[in-house]
Amino acid sequence: MHKILVATVKPFAPLAVKGIQKEIKDAGNQMILLEKYTDRAQLLKAVSDVEAMIVRSDKIDAEVLDAAKKLKIVVRAGAGFDTIDLNHAKSKGVVVENTPGQNANAVAELVFGLLVYMVRNFYNGKSGTELKGKRLGLLAFGNVARNVARIAKGFGMQVSAYDEFCPAVNIEAAGVKACKDQKELFKTSDVVSLHIPATAETINSINYQLVNLMPENGILVNAARTEIINEPELLKLLSDRPDLRYLTDLKPKAVAEFEKFGDRFFSTPKKMGAQTAEANVNAGVAAAKQINAFLKDGSVKFQVNK
Ligand code: 3PG
């Protein structure tokens with residue numbers, strides 16, 4: 001029997017925890033649950049004797065990995081693994097995996113929740129605008145962006161995308177116009193929705209110059225990561241261009257500065273793109289299955305630190 005820790009500061013929906021528990025138990029393993037921990041010491045203690053762990057955006061750095069003496073695998077129940085020290089894990093022989101696509105629809109639906117809320121003036125009764133006919137540009141074309149594209153077509157939006165790693169032919173095959181670069185995407189989109197991960201190349205990459213290419217009344221949507229935004233430059237741009245608006249599911253570090261722009265800015269109080277029962281069940285159960293498969297026959301299909 002292997003011990004598998006589920007460590008989540010932001011807990012899964014109860015239904016997902018049940019699903020994960022069943023999956024782990026049915027494979028003859030044992031689940032240890034550490035939810036809503038407030039103190040790092042709780043995590044350091046909990047990891048000390050487990051062979052596997054399931055996390056969300058929990059920070060799994062060298063200190064945690066060093067404290068986890070028996071750890072063989074960490075599965076991030078979700079897409080982004082920027083919170084895990086991949087190299088340190090690799091140096092210790094710990095496999096890191098994610099569960100790509102499992103929570104993508106939830107994030108995509110939230111993009112539209114944010115957009116409708118803003119273009120209808122936060123439901124204050126004043127006449128707003130519609131999404132139909134507007135041009136939506138997707139920066140990157142992974143699982144979330146593909147779901148955003150599907151929903152956008154239902155709204156009657158014109159969708160285009162640019163992805164450094166996805167050839168234009170694959171974007172076009174999904175019925176989406178492929179842009180030749182980021183600049184073209186920003187220039188030709190009334191709404192730009194960001195779906196890039198936080199990497200050394202993308203951190204701070206959403207800057208004044210790029211967003212300033214947007215046409216009049218442009219809306220920037222960020223349901224990806226805080227770090228990709230160059231906050232001082234975006235603040236300056238919002239001040240220079242009173243027509244632009246910014247919507248985000250990632251509360252800016254300088255949120256008070258952004259709030260000065262009134263109804264041209266909105267942030268959810270807490271990141272909640274993937275906070276649905278369905279996404280939690282999908283990602284959590286997938287993570288448990290991946291761990292069971294790894295412990296049973298060494299399967300590393302979703303490894304991200306090869
Ligand atoms: C992801 O990378 O999967 C999403 O950003 C969701 O993250 P969360 O599990 O912290 O909500």
Side-chain angles (χ1 to χ4, degrees), residues 107-108 110-122 124 126-142 144-164 166 168 171-172 174-196 202 204-226 228-250 252 257-267:
V107 181
L110 188 80
V111 166
F112 288 90
L114 293 171
L115 271 171
V116 173
Y117 187 47
M118 181 172 263
V119 299
R120 292 304 185 95
N121 297 319
F122 310 101
N124 69 1
K126 275 194 204 157
S127 191
T129 58
E130 298 180 19
L131 296 174
K132 187 177 174 188
K134 302 292 185 308
R135 297 166 299 174
L136 171 68
L138 305 169
L139 185 57
F141 201 58
V144 178
R146 283 169 188 264
N147 278 283
V148 173
R150 172 180 52 78
I151 300 168
K153 287 182 198 166
F155 272 94
M157 299 183 86
Q158 301 170 41
V159 191
S160 64
Y162 172 73
D163 188 321
E164 206 189 328
C166 179
I171 294 175
E172 305 268 349
V176 168
K177 181 181 170 289
C179 290
K180 70 173 191 303
D181 54 23
Q182 286 196 13
K183 282 186 179 168
E184 184 190 335
L185 186 91
F186 277 79
K187 259 188 207 159
T188 58
S189 301
D190 302 302
V191 177
V192 170
S193 191
L194 306 170
H195 299 291
I196 49 176
T202 65
N204 280 326
S205 68
I206 307 303
N207 57 21
Y208 189 103
Q209 210 185 10
L210 194 59
V211 185
N212 194 30
L213 296 172
M214 289 189 77
E216 206 178 339
N217 299 322
I219 301 179
L220 179 69
V221 189
N222 178 15
R225 287 291 181 268
T226 314
I228 61 176
I229 304 288
N230 183 322
E231 288 192 10
E233 292 196 16
L234 185 58
L235 283 166
K236 165 111 178 56
L237 181 63
L238 287 170
S239 152
D240 292 353
R241 290 255 322 249
D243 61 302
L244 291 180
R245 289 177 280 177
Y246 179 46
L247 272 172
T248 181
D249 185 32
L250 291 310
E257 293 299 304
F258 280 92
E259 276 166 352
K260 289 182 187 156
F261 294 101
D263 61 6
R264 293 170 52 218
F265 166 76
F266 176 76
S267 170

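The basis for the numbers below is simple: all heavy atoms, side chains too, and nothing from hydrogens, waters or symmetry mates. Note that the structure is a prediction, hence the values are computed from the model and not measured. Numbers for residues simply follow the sequence, beginning at 1.
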Subject >> From CA spacing to verdict: side chain to side chain contact (heavy atoms under 4.5 Å, CB included), L250, I228 >> reply: CA-CA 10 Å; L250 291 310; I228 61 176; over 6 Å; no
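- Residues satisfying the side-chain contact (heavy atoms from CB on, under 4.5 Å) criterion with V111, sequence neighbours excluded, are L115, V148, S193, H195, V221, A223.
- The only option from R135, K134, R245 that meets the salt bridge (charged side-chain N to carboxylate O under 4.0 Å, His left out) definition with D190 turns out to be R135.
- At least one side-chain heavy atom of C179 sits less than 4.5 Å from a side-chain heavy atom of T188.
- Between S239 atom OG and L234 atom CG the span is 11.0 Å, to the nearest 0.5 Å.
- Scanning all heavy atoms of the two residues, the minimum distance from S189 to S160 falls at OG-OG, 4.1 Å.
- Of the inter-residue distances, the one linking F265 atom CZ with E257 atom CD reads 11.0 Å to the nearest 0.5 angstrom.
- Residues L238 and R264 come closest through the heavy atom pair O-NH2, 2.7 Å.
- Shown here for L247 and M118, the closest heavy-atom pair between the two residues is CG-SD, 3.6 Å.
- Within a 6.0 Å sphere centred on NZ of K153, other residues, nucleotides and ligands contribute more than 12 heavy atoms.
- Atom CZ of F112 is separated from atom CG of L131 by 7.0 Å, given to the nearest 0.5 angstrom.
- Atom CZ of R241 sits about 8.5 Å away from atom CG of N217, to the nearest 0.5 Å.
- Using cut-offs of 30° and 60° for the angle between ring planes, the F122 and F266 rings count as tilted.
- The 12-atom threshold is not exceeded at CZ of R120, counting heavy atoms of other residues, nucleotides or ligands nearer than 6.0 Å.
- Enclosure of atom CD in Q209 is not indicated, since only 12 or fewer non-hydrogen atoms of other residues, nucleotides or ligands lie within 6.0 angstrom.
- Screening D249, L114, L194 for a side-chain contact (heavy atoms from CB on, under 4.5 Å) with N222, the sole residue that qualifies is L194.
- In this structure, the side chains of F155 and L136 stay at 4.5 Å or more apart for every pair of heavy atoms.
- Here the CD-CG distance, from E233 to L210, works out to 10.5 Å after rounding to the nearest 0.5 Å.
- Between I229 and Y246, some side-chain heavy-atom pair lies under the 4.5 Å cut-off.
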**OP:** Dump the intermediate steps for side chain to side chain contact (heavy atoms under 4.5 Å, CB included) on E231 and T226, then the final yes or no.
**Re:** CA-CA 9 Å; E231 288 192 10; T226 314; 3.9 Å; yes
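- In this structure, the separation between CD1 on I196 and CZ on F141 is 15.5 Å, given to the nearest 0.5 Å.
- F186 pairs in a side-chain contact (heavy atoms from CB on, under 4.5 Å) with only one of the listed residues (L220, D181, N212), which is L220.
- Side-chain atoms of Q182 do not come within 3.5 Å of backbone N or O of L139 as any donor-acceptor pair.
- Residue T248 comes nearest to P252 through the heavy atom pair CG2-CD, 4.1 Å, listed as atom of the first residue, atom of the second, then distance.
- When all heavy atoms are compared, the tightest approach of G128 to N121 is CA-ND2, 3.6 Å.
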